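Reviewing the structure listed below.
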Amino acid sequence: MVRVTLLACVLLVVASAVQPRDKEEKKPGGPMIGHMVYFKLKDAGSDNKQKLVDACKKYLADHDGTVFFSAGVIGDSFKRDVNDRDWDVALHLVFVDKAAHDKYAVHPEHLKFIEENKDGWAKVRVFDSELTDYKLGKKK
């Protein structure tokens, strides 16, 4: 009797694991989107840089469809001829697809971030790109 009950439990667990996923779960539509933003501040003091990094974390870090988030200040040790140094704070986001990016773009938290911080910006540059998984095509 114990074996039959144990076997029934195992079969139940296996059966539930192979059931179709919830209809609400969707596969991403298209390539991931890299959203890189570079802020040049009117006053690039270290306190202002940190304030903007903190605002990025507060308003932009936890949006649906975000695969990667990071915000930080320009690295002082990167001063080669090829380094563009006309910025103070960088924001890097990767979204699962363009739909997630587009949802983020009009999200109230994103709009609040812009409204609360835009007066401190001298210049903002946004670079959006379609990304592919670097592992695709690699041999196992």
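Predicted, not measured: the structure shown is a model, and the values here were computed from it.
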Can any side-chain N or O of N117 pair as donor or acceptor with the backbone N or O of F113 at less than 3.5 Å? yes

For the backbone of L41 and the side chain of D88, can you confirm whether one donor and one acceptor N or O come within less than 3.5 Å of each other?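 Present.
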
Atom pair [atom1] ([X]) and [atom2] ([Y]), whose distance is rounded to the nearest 0.5 Å:
| X | Y | atom1 | atom2 | value |
| --- | --- | --- | --- | --- |
| L93 | I33 | CG | CD1 | 12.0 Å |
| I74 | Y38 | CD1 | OH | 10.0 Å |
| R85 | R80 | CZ | CZ | 11.5 Å |
| N83 | K79 | CG | NZ | 10.5 Å |
| D47 | L52 | CG | CG | 13.0 Å |
| F69 | F95 | CZ | CZ | 10.0 Å |

Nearest atoms (heavy-atom pairs only) where P31 meets L131: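 So the two residues come closest at CB-O, 3.3 Å.
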
Nearest heavy-atom neighbours spanning D128 and M36: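 Heavy atoms only, the tightest pair is OD1-N, 4.5 Å.
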
Is it true that, when you exclude [X] itself, more than 12 heavy atoms of the residues, nucleotides or ligands shown sit nearer than 6.0 Å to its [atom1]?
| X | atom1 | value |
| --- | --- | --- |
| K103 | NZ | no |
| E130 | CD | no |
| F127 | CZ | yes |
| K42 | NZ | yes |

Would you say the ring centers of H35 and F68 fall short of 6.0 Å from each other? no

Check the orientation of W121 and F39. Use parallel for under 30°, tilted for 30 to 60°, and perpendicular for over 60°.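 Because their plane-to-plane angle lies in the 30° to 60° range, the rings of W121 and F39 count as tilted.
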
One pair to check against side-chain contact (heavy atoms from CB on, under 4.5 Å): H110 and Y59. What are the steps and the verdict? CA-CA 6 Å; H110 179 239; Y59 292 111; over 6 Å; no

For the pair [X] and [Y], find out whether any cationic side-chain nitrogen is under 4.0 Å from an anionic carboxylate oxygen.
| X | Y | answer |
| --- | --- | --- |
| K58 | D54 | no |
| D86 | K123 | yes |
| K49 | D43 | no |

Taking atom types as modelled and ignoring hydrogens, do the side chains of Y104 and E109 form a donor-acceptor contact shorter than 3.5 angstrom?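 Result is no, nothing qualifies.
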
Passes salt bridge (Lys or Arg N to Asp or Glu O under 4.0 Å), D84 versus R125? Steps please. CA-CA 12 Å; D84 182 337; R125 291 180 294 158; 3.0 Å; yes

Would a 4.5 Å heavy-atom cut-off, applied to side chains only, mark L91 and C56 as touching?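 Yes, their side chains come closer than 4.5 Å.
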
